[in-house]
Structures are given as structure tokens and as C-alpha cells.
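Contents: one structure, followed by commentary.
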Amino acid sequence: MTSTLEPAAQASAPPYATHDVANQPPPLAPYDASEDPALLEGLRREGAGWAEDGIRRLGLRAGSAEAQEWGELANRHEPELRTHDRYGHRVDEVDFHPSWHELMRVAVAEGLAGAPWADDRPGAHVARTAGGLVWGATEAGHGCPTSMTYAAVPALRRQPELAKVYEPLLTSREYDPGLRVPAGKRGLLAGMGMTEKQGGSDVRTNTTTAAPTAEPGVYTLRGHKWFTSAPMCDLFLVLAQAPGGLSCFLVPRILPDGTRNTFRIQRLKDKLGNRSNASSEPEFDGTVAWLVGPEGQGVKTIIEMVNCTRLDCVMASATLMRKTLVEAGHHVRHRSAFGARLIDQPLMRNVLADLALESEAATTLTLRLAGAADRAVRGDEGERAFRRIATAVGKYWVTKRGPAFTAEALECLGGNGYVEESGMPRHYREAPLLSIWEGSGNVNALDVLRALGREPGAADALFGELALARGADARLDAAVTRLKALLATGSPAGARRLVELMALTLQASLLVRHAPPAVADAFCATRLGGDWGHAFGTLPDGADLDAIVGRGLPGGV
């Protein structure tokens with residue numbers, strides 16, 4: 001077929017003219033993951049303002065193109081289990097992509113693992129939480145071993161002779177991967193092995209047994225664990241049934257004499273999300289273990305560990321909210337439809353404002369919980385009581401909000417958000433984990449009831465916190481009155497309703513005291529006053545959308 005174009009015209013025609021790219025946003029990276037007023041204000045308010053320069057530096061690194069690529073690669077190239085070496089020897093090792101190790105190296109060096117326990121500065125634990133809120137913008141999976149290492153230290157202190165050996169290495173800022181004698185490494189990571197297939201969160205039904213040896217404090221374990229994440233950690237805190245009842249044990253992968261402890265990895269879980277992180281099913285058979293705390297007090301020994309990891313679940317959910325909000329805001333700022341930028345469309349701005357409210361409430365509560373943890377460690381009994389109940393409340397609610405939040409943020413990108421390359425599907429798959437890990441919603445809601453019934457001062461601590469905002473907003477005052485009435489008639493079947501109201505009043509009280517009026521007013525009007533729909537993007541007409549979005553998104557509107 002002969003062309004009707006002259007040769008010169010054919011030569012000048014642009015190649016691939018049907019594939020001109022227009023109306024697409026540029027890459028988000030590089031950006032500053034610490035550019036969040038709620039984060040920085042909370043950092044200062046909770047006593048860690050001294051860490052701000054470091055958090056800002058880490059935010060730039062987290063938002064760099066290099067670090068964002070590490071997160072993508074660590075999830076694309078998933079961990080691989082090697083049960084045996086080429087000669088047939090059992091090795092039970094898990095291989096990770098180099099990007100995983102880069103993420104871990106930065107996280108440990110920045111003090112996001114056990115380092116705060118060796119830092120005497122007030123606010124050290126707040127600084128760690130703020131660092132997690134920032135560095136978590138890279139990817140979520142590697143937060144599991146850093147969280148467990150952080151949480152292991154207070155539990156290990158129940159056995160001072162073990163803590164003397166291992167705590168200096170668990171609080172190190174050096175990432176030293178590979179299975180070697182723990183005492184000879186520059187830094188250690190710790191995991192936990194608690195749940196079993198027949199019980200899950202009901203660890204009292206565990207069937208793994210612990211038999212005493214002739215050496216005091218040393219046992220051998222026999223059994224099988226159902227979920228043990230990060231199996232390449234150096235040490236694990238494991239629950240098993242000793243003669244005196246359910247007890248806590250320290251299990252090293254490598255024994256002091258350099259031999260491998262029996263830690264047979266049966267398989268890795270094929271999970272919905274969190275795919276960069278290996279979760280395993282290990283088998284113990286004559287596995288050498290050291291008792292941590294008295295026999296029969298396994299749950300009491302690990303409860304401090306659970307308080308720490310539950311706080312990290314709240315932190316990770318707040319991080320995920322912030323990350324997906326930033327992604328959504330970046331997209332709508334650069335995308336146009338129906339004659340205007342998406343961010344200038346009133347309904348889209350309503351959606352973004354609603355998401356920004358939820359994100360700020362989650363971040364503010366996370367840092368308040370971190371402040372309580374920091375002050376509790378330093379001997380403040382009032383903060384210890386508040387931490388006990390408020391962490392369980394926050395764990396229930398903030399992690400529950402994550403899946404709906406990430407789905408709405410994904411939808412802001414339309415079909416582009418449903419494509420793996422956008423990164424949003426990875427965030428969406430991650431969101432449900434945080435409500436499940438360290439006790440599902442029902443477990444945490446019932447734990448709040450348990451704390452109210454068994455922990456002296458827990459209710460007083462919560463209502464004391466709420467009283468700090470008394471008189472500032474009539475809707476909040478009315479909600480606190482409803483909460484007191486509901487508490488008086490509460491039942492296990494209504495635990496979720498009770499804990500939800502606890503969380504909302506707590507978030508509202510923090511925002512009323514610390515956030516700009518536009519944020520606090522819109523939150524109270526919707527979450528407490530009922531002037532809200534059943535989906536994000538249903539803020540009332542009176543809400544100051546411009547002010548809320550301008551505060552919530554990097555660079556404003």
C-alpha cells in the first residue's frame with residue numbers, strides 16, 4: 001500500500017505517536033517522609049524534640065529513590081528457604097534479597113530495634129517510634145524483626161544473667177546477619193515463637209513441652225510452632241509447657257559451642273502480604289533452651305513484650321495510612337479530570353481531608369502511646385496504667401481502620417492504583433496483618449475488658465487523660481458521658497463497641513488539645529457528633545477542607 005505522505009513528512013513524523021504520555025504524575029520519590037506536622041509536633045510534645053534533626057534526615061533517606069526501590073525489590077524477590085546444603089546437611093536457612101539487608105542495616109543503625117533500652121535520654125522510646133513512622137514508608141516487612149528485638153529486651157530482663165550476656169548485643173546499632181555464635185557477633189536480632197496450630201492467640205493451650213536437664217535453668221524443647229516470623233534471627237523467646245506450667249524460654253539458633261540448635265523450618269508461609277518477611281513453622285526436637293522468668297509464669301514474662309509489639313502495630317498502621325495518603329495526594333495533585341486537577345475537585349478534596357483526619361488522629365495517638373511507654377519505663381506509675389489500657393485500645397482501633405483507609409487511598413489513583421507498579425496493592429495487602437498480629441480485634445477488645453477488671457487504676461488513667469480536654473468541645477464531653485454509661489453496662493459481646501468509643505474519645509481529646517481547630521472540629525463533628533456518612537469523603541459542608549488538606553499533605557494544596 002502506497003503512503004500518501006511525502007518522504008520528508010514521513011521522516012518528520014514522531015515515533016510512537018500513539019503513546020504520548022500526558023496527564024500522568026511524575027514519580028513521588030525523592031520526597032521527605034518526615035514532612036508531617038502531626039509527627040514533628042508529637043515528637044516534641046512527647047519529650048523527644050532532641051531527635052528532630054535525626055528524624056528529618058531519616059525522612060529524606062526513606063523518601064529517596066534508592067530506599068523506595070529497596071522496598072519494592074525486597075517484596076518482589078521473596079525470601080527462599082534452604083532446608084539442606086548441597087551435601088545433605090540440615091541448615092534451615094532463609095535467603096533474602098540484598099535490598100532486605102539494606103533496609104535492615106539502616107533500621108538497626110538508626111536505633112529502630114533494641115537501641116532505646118541502652119539510651120538514658122528521656123524520650124528515647126518516642127524517638128524510636130517516630131523513626132519507625134518515617135522509615136516504615138520504605139516497606140513494612142522488615143519492621144517485624146526490629147519490633148521483636150525491641151520487645152525482647154524487657155522480657156529478657158526477667159532473667160538477669162541472660163540479659164547480662166545478650167542485652168548489649170540486642171541494643172547494638174550494628175546489623176550483623178548470618179548464623180554464628182551469638183556472643184561473638186556485633187549485634188543480635190530476636191524473634192518469638194508463641195502461637196501453635198491448635199490455639200493461635202490462646203497460648204495456654206500450647207503443647208510444646210520443656211524438659212529440665214541436669215544443668216540448672218537449661219531445658220530441651222519438643223514441639224511445633226505455627227507462626228514464627230523472621231526465622232533468621234539469632235535468638236527466640238518461646239513458650240512451652242514445663243513441669244511447673246507454661247513458661248518462657250530463650251532459644252538461640254547457634255549454641256555457645258558453635259553447633260546448630262535444632263530449629264527445623266518445615267516451611268515458609270505463603271501470606272497475603274508482608275511478603276518480604278519470612279514467616280515460618282519451626283520444629284523443636286531436643287532443642288536446647290534457657291528458662292526466662294519462673295516456671296509457670298510464661299504469659300506474665302512475655303506481657304511486657306506484647307505491650308511493645310502492640311504499640312508497633314499501631315505505629316505500623318499509622319505509617320501505612322500516612323504513606324498511602326501521601327501517594328494519593330501526589331497523584332491527585334498532578335492528575336486532571338473533567339476540566340480541573342483532581343485535587344481541586346470538591347468531592348476529591350473531601351476524600352483527602354477525611355483521610356488526612358484519620359491519619360493525623362492515628363499518628364497523634366501513636367506518639368502519645370510512645371510517650372506513655374517511655375515514661376512508664378522510667379517509673380511513672382500513672383503512665384504505666386494509661387499505657388496498659390490505651391495501647392490495647394489503640395491496637396484495636398487504629399489497625400482496624402487501616403484496610404478501609406488504604407482501600408480509599410488506592411481508589412484515589414483509580415485503575416492506576418490497582419496495578420502492582422503503583423505500590424498501592426502491596427500497601428493494601430499489608431493493612432489487614434496489623435489487626436491480626438499480636439492478637440486479633442476480638443482478643444484486643446477483650447483484653448481491654450480484662451485490664452479494666454484486673455488492673456487497678458486503668459480506668460482512672462484513661463478518664464484522667466480524657467478529662468484534660470473537658471469543656472473544650474461539647475461533642476467530646478457528650479461522648480465521654482456516653483462512654484461512662486456504656487462502661488457501666490458493658491459485656492463481652494459489646495466489647496468492640498466499647499473499645500471503639502474509647503479510641504475515638506481518646507483521639508478526639510488529643511486533637512482538641514493539640515491539633516489546629518479545623519482538624520479537631522471536623523474530627524469531633526464526624527467521629528463523635530454523627531455528622532458523617534459510612535465511607536471516607538463524607539465530611540459535612542461546614543468542614544474546612546482546604547485547611548485540613550493543606551496540613552495533611554506535604555507541600556499543602
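Each residue takes its place number in the sequence, starting with 1.
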Spell out, as yes or no, whether a donor-acceptor pair under 3.5 Å connects the side chain of [X] to the backbone of [Y].
X	Y	value
Trp117	Tyr150	yes
Arg173	Val108	no
Thr146	Gly143	yes

Any side-chain heavy atom of [X] within less than 4.5 Å of one from [Y]?
X	Y	value
Lys225	Asn206	yes
Cys233	Met192	no
Val480	Lys484	yes
Met502	Leu487	yes
Val153	Glu304	no
Leu483	Leu498	yes
Arg368	Arg45	no
Asn444	Val499	no

Stepwise salt bridge (Lys or Arg N to Asp or Glu O under 4.0 Å) test for Asp53 and Arg57
CA-CA 6 Å; Asp53 287 346; Arg57 173 181 47 77; over 6 Å; no
As a quick check of understanding, evaluate side-chain contact (heavy atoms from CB on, under 4.5 Å) for Thr205 and Glu196, giving each step before the final call.
CA-CA 8 Å; Thr205 66; Glu196 298 183 3; over 6 Å; no
Looking only at non-hydrogen atoms, find the nearest pair between Thr406 and Ala431 and report the distance.
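Nearest pair, atom of Thr406 first, then Ala431: OG1-CB, 3.6 Å.
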Taking every heavy atom of Arg128 against every heavy atom of Ser147, the minimum-distance pair comes out as NH2-CA, 3.8 Å
Taking only residues two or more places apart in sequence or in another chain, which ones pass salt bridge (Lys or Arg N to Asp or Glu O under 4.0 Å) with Arg388?
Asp447, Glu455
Salt bridge (Lys or Arg N to Asp or Glu O under 4.0 Å) involving Arg401 - partner list, sequence neighbours excluded
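Expected list: Glu358.
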Taking it one step at a time, do Arg496 and Glu500 satisfy salt bridge (Lys or Arg N to Asp or Glu O under 4.0 Å)?
CA-CA 6 Å; Arg496 285 188 174 216; Glu500 177 179 319; over 6 Å; no
Using 0.5 Å steps for rounding, measure from the [atom1] atom of [X] to the [atom2] atom of [Y].
X	Y	atom1	atom2	value
Thr309	Lys395	OG1	NZ	9.0 Å
Met424	Lys323	CE	NZ	9.0 Å
Leu446	Tyr396	CG	OH	10.5 Å
Leu433	Ser229	CG	OG	8.0 Å
Gln198	Trp226	CD	CH2	10.0 Å
Arg551	Leu357	CZ	CG	10.5 Å

Lys/Arg-Asp/Glu bridge criterion (N-O < 4.0 Å) met for Arg121, Asp374
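No, Arg121 and Asp374 are not salt-bridged.
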Report yes or no: do Ser509 and Glu465 form a side-chain donor-acceptor pair below 3.5 Å?
no
Leu156 and Tyr166: CA distance, side-chain angles, deciding distance, side-chain contact (heavy atoms from CB on, under 4.5 Å) verdict
CA-CA 9 Å; Leu156 195 60; Tyr166 295 114; 3.9 Å; yes
